[in-house]
Novice: 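First the structure, which I've put down as structure tokens, then a few questions once you've had a look.
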Amino acid sequence: MGMDCSALLQLSFAEAGITIPRSSNEQAAWGDPVKPTELRPGDFLFFGASPARR
């Protein structure tokens with residue numbers, strides 16, 4: 001019926017031969033954090049409803 005953003009990312013990366021976690025929570029914890037000033041094209045950007053969340 002549809003696909004959410006985390007599934008779209010997983011599918012897109014799989015097409016490039018890269019395995020990433022399925023859920024957005026797992027994707028947010030995967031990889032290395034970067035500062036907002038160091039973001040580059042292709043980086044994932046996650047945000048929460050609370051300033052205390054990363």
Side-chain angles (χ1 to χ4, degrees):
M1 288 185 34
M3 180 181 294
D4 66 7
C5 57
S6 59
L8 178 60
L9 284 173
Q10 185 189 40
L11 178 64
S12 300
F13 274 74
E15 288 290 320
I18 302 168
T19 302
I20 68 169
R22 166 60 189 91
S23 75
S24 58
N25 285 337
E26 293 170 326
Q27 290 172 0
W30 176 74
D32 299 318
V34 291
K35 296 176 184 174
T37 57
E38 297 173 352
L39 288 171
R40 299 184 319 181
D43 288 343
F44 293 6
L45 179 61
F46 294 91
F47 55 94
S50 164
R53 297 181 66 186
R54 61 175 226 180

Novice: Considering all heavy atoms of both residues, which atom of Arg22 and which atom of Ser6 are nearest to each other, and what is their separation?
Specialist: NH1-OG, 2.7 Å
Novice: By side-chain hydrogen bond (donor to acceptor under 3.5 Å, both in side chains), which residues pair with Asp43, not counting sequence neighbours?
Specialist: none
Novice: Tell me whether Val34 shares a hydrophobic cluster with Trp30, the cluster being built from Ile, Leu, Val, Met, Phe, Trp, Tyr side chains joined at under 4.5 Å.
Specialist: no
Novice: For Ser23, check side-chain hydrogen bond (donor to acceptor under 3.5 Å, both in side chains) against everything at least two apart and list the hits.
Specialist: Glu26
Novice: Are Ile18 and Leu9 in one and the same hydrophobic cluster, where Ile, Leu, Val, Met, Phe, Trp and Tyr link if side-chain heavy atoms are under 4.5 Å apart?
Specialist: yes
Novice: If you measure from CG on Asp4 to CD on Gln10, what distance do you get to the nearest 0.5 Å?
Specialist: 9.5 Å
Novice: Taking a hydrophobic cluster as the set of Ile, Leu, Val, Met, Phe, Trp and Tyr residues connected by side-chain heavy atoms closer than 4.5 Å, whether directly or through intermediates, do Ile20 and Phe46 fall within one such cluster?
Specialist: yes
Novice: To the closest 0.5 Å, what do you measure between CG (Leu8) and CZ (Phe13)?
Specialist: 10.0 Å
Novice: Tell me, yes or no, whether the heavy-atom count around Glu15 atom CD, taken from other residues, nucleotides or ligands under 6.0 Å, exceeds 12.
Specialist: no
